[in-house]
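As C-alpha cells, the structure follows; a few thoughts come after it.
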Amino acid sequence: MIRLITLLVAVALFPVPAIGLDVPGFARSIPVGHFLGISPPCALLDEARSAALLDVKRQILGAMNGQFSATETFNVSGSPQSPRYQVHGHVQGNSTGTVFGVENRIANQAHTQDGQGRFIYFILVRFPDSRIAEMTRLSKGAKLVARLVSVEEGIATVRLGELNGVRTTIDRIKISVTKNYRFADTISYYVMHVPSETRAENEIMIDQVVVQGSSIEFGFPIPVFEETFIDYALGIEMEGRLVFTGTDELGRFVAAELTISH
C-alpha cells in the first residue's frame, strides 16, 4: 500500500512529458526565395511526400499570380495518442499556370511521424523570383497575330508576330478559300448554269518559322487564291481563311488565324 502511494505521488510530481512533433529546423525559418511544403498526416510516406510537393506548387502558382502571402504555421495539440494538427496558409484567389522543375530545386526535406504512426513530410524548395518570372512567362502561352502583306502571282506574304515572349515554331498552314459569284444567277438563267459559290481547301508544309516576342515576314504559295478570267466575268467575291499552326517551346499546340477578303 505504501509503495502504491509512493508511486502515485511520484507520478503527480514528475508527470510523463508529452511527445511533441519533431519539426525540422529548416521548416521553422524559411529563407528568402524558398517555399516550404507541408503534408497532412498520411498513412504512406510516398503519399505524404507527394502532398508536400503539391503544397509547394500551389504556393508557387499563387506567387506567379501576385496573390501569395508567404505565411504558414503548423500547430499540434492534444494528446500523443490523439494529436490534432492545424496548418494555416493563405493564398488569395484561384491560381493556374505552368510549374515544373520543382523536384530539381529541393533544398531540404525531412519527415516525421505522429503518435498514430502517420507520416508528415516537409519539403523546402528554392524557387527565386527569376524562376517565378520564367514560369509566369511560360504560363501565359504564346500569343500570335498575323497580318497579310501582299498576294502576288500565287505567293502570299504574311507578317507573323508573337506578343508574350514565348518561342513558337510554325510549320503548317491550312488554307480555305470561298468564291462567291454575284452574276451566277443571271448567267445561269440566260446562258448556262454556273455555281454561285465554290470552296477549296489545302494544307501545306512550310520551312519552320520561329518567332518570339517579335515579328517576322515570310511568303508561301497560295494558288487557290488566284483569280481567273472566268472569276472576273462571274463577278467574284473571294474570302480566304489561313490557319497557321505549330508548337511553342513546351510542345503545346498553337495557332493563329488570318481572314482575307477580296
Side-chain angles (χ1 to χ4, degrees), residues 17-143 162-167 212-213 248-252:
I19 302 174
L21 192 69
D22 184 17
V23 178
F26 67 81
R28 300 179 185 275
S29 179
I30 306 173
V32 175
H34 290 67
F35 292 86
L36 176 67
I38 304 174
S39 76
C42 299
L44 301 176
L45 183 59
D46 286 347
E47 180 184 351
R49 188 177 188 276
S50 297
L53 278 172
L54 184 62
D55 186 33
V56 171
K57 293 176 182 179
R58 174 185 63 84
Q59 295 177 43
I60 292 173
L61 284 172
M64 287 165 52
N65 289 344
Q67 298 176 328
F68 174 65
S69 177
T71 58
E72 189 157 25
T73 58
F74 188 89
N75 298 322
V76 185
S77 59
S79 68
Q81 291 73 31
S82 299
R84 293 190 296 273
Y85 305 91
Q86 290 181 315
V87 180
H88 300 284
H90 185 58
V91 176
Q92 299 176 355
N94 295 320
S95 301
T96 58
T98 299
V99 176
F100 59 88
V102 172
E103 292 208 42
N104 295 332
R105 293 180 168 271
I106 294 176
N108 214 331
Q109 57 186 317
H111 69 272
T112 187
Q113 289 179 275
D114 63 13
Q116 300 179 21
R118 296 176 298 181
F119 294 98
I120 299 168
Y121 215 98
F122 301 83
I123 292 184
L124 185 66
V125 174
R126 183 178 179 275
F127 220 88
D129 290 345
S130 59
R131 189 64 179 172
I132 291 175
E134 176 71 0
M135 294 298 100
T136 301
R137 177 184 71 84
L138 293 174
S139 294
K140 290 179 180 179
K143 184 175 182 180
E162 196 286 313
L163 305 181
N164 283 346
V166 178
R167 188 176 69 254
Q212 179 180 7
D248 70 4
E249 58 189 274
L250 295 183
R252 296 173 296 193

When rounded to the nearest 0.5 angstrom, what distance separates [atom1] in [X] from [atom2] in [Y]?
{"X": "Phe26", "Y": "Ile123", "atom1": "CZ", "atom2": "CD1", "result": "8.5 Å"}
{"X": "Asp55", "Y": "Ile38", "atom1": "CG", "atom2": "CD1", "result": "7.0 Å"}
{"X": "Lys140", "Y": "Asp248", "atom1": "NZ", "atom2": "CG", "result": "14.5 Å"}
{"X": "Asn164", "Y": "Thr136", "atom1": "CG", "atom2": "OG1", "result": "11.5 Å"}
{"X": "Lys57", "Y": "Leu54", "atom1": "NZ", "atom2": "CG", "result": "7.0 Å"}

Which atom pair, heavy atoms only, marks the closest approach of [X] to [Y]?
{"X": "Ser39", "Y": "Ala51", "result": "CB-CB, 3.8 Å"}
{"X": "Arg105", "Y": "Pro128", "result": "NH1-CD, 4.1 Å"}
{"X": "Pro41", "Y": "Ile120", "result": "CA-CG1, 3.9 Å"}

**Message:** Between Phe127 and Gln59, does the side chain to side chain contact (heavy atoms under 4.5 Å, CB included) criterion hold? Intermediate values first, please.
**Reply:** CA-CA 11 Å; Phe127 220 88; Gln59 295 177 43; over 6 Å; no
**Request:** Only counting residues at least two apart or in another chain, list the ones meeting salt bridge (Lys or Arg N to Asp or Glu O under 4.0 Å) with Arg49.
**Result:**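 Expected list: Glu103.
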Test side-chain contact (heavy atoms from CB on, under 4.5 Å) applied to [X] - qualifying residues, sequence neighbours left out:
{"X": "Glu249", "value": "Arg137, Leu138, Val166, Arg167, Gln212"}
{"X": "Ala133", "value": "none"}
{"X": "His111", "value": "Leu45, Phe119, Tyr121"}
{"X": "Ala27", "value": "Val23, Pro24, Leu36, Phe122"}

**Item:** salt bridge (charged side-chain N to carboxylate O under 4.0 Å, His left out) contacts in which one or both residues fall within residues 33-43, not counting sequence neighbours
**Value:**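 Qualifying pairs: none.
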**Request:** Go through the structure and list residues passing side chain to side chain donor-acceptor pair (under 3.5 Å) with Glu47, not counting sequence neighbours.
**Result:**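 None.
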**Prompt:** Do Pro31 and Leu124 touch side chain to side chain, with heavy atoms closer than 4.5 Å?
**Reply:**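 Sidechains of Leu124 and Pro31: in contact.
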**Prompt:** When you look at CZ of Arg126, are more than 12 heavy atoms from neighbouring residues, nucleotides or ligands closer to it than 6.0 Å?
**Reply:**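 Open: at most 12 neighbouring heavy atoms sit under 6.0 Å from CZ of Arg126.
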**Request:** Would you confirm whether Gln113, through its side chain, and Gln116, through its main-chain N or O, come within 3.5 Å as a donor-acceptor pair?
**Result:**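 No, because the side chain of Gln113 does not come within donor-acceptor range (under 3.5 Å) of the backbone of Gln116.
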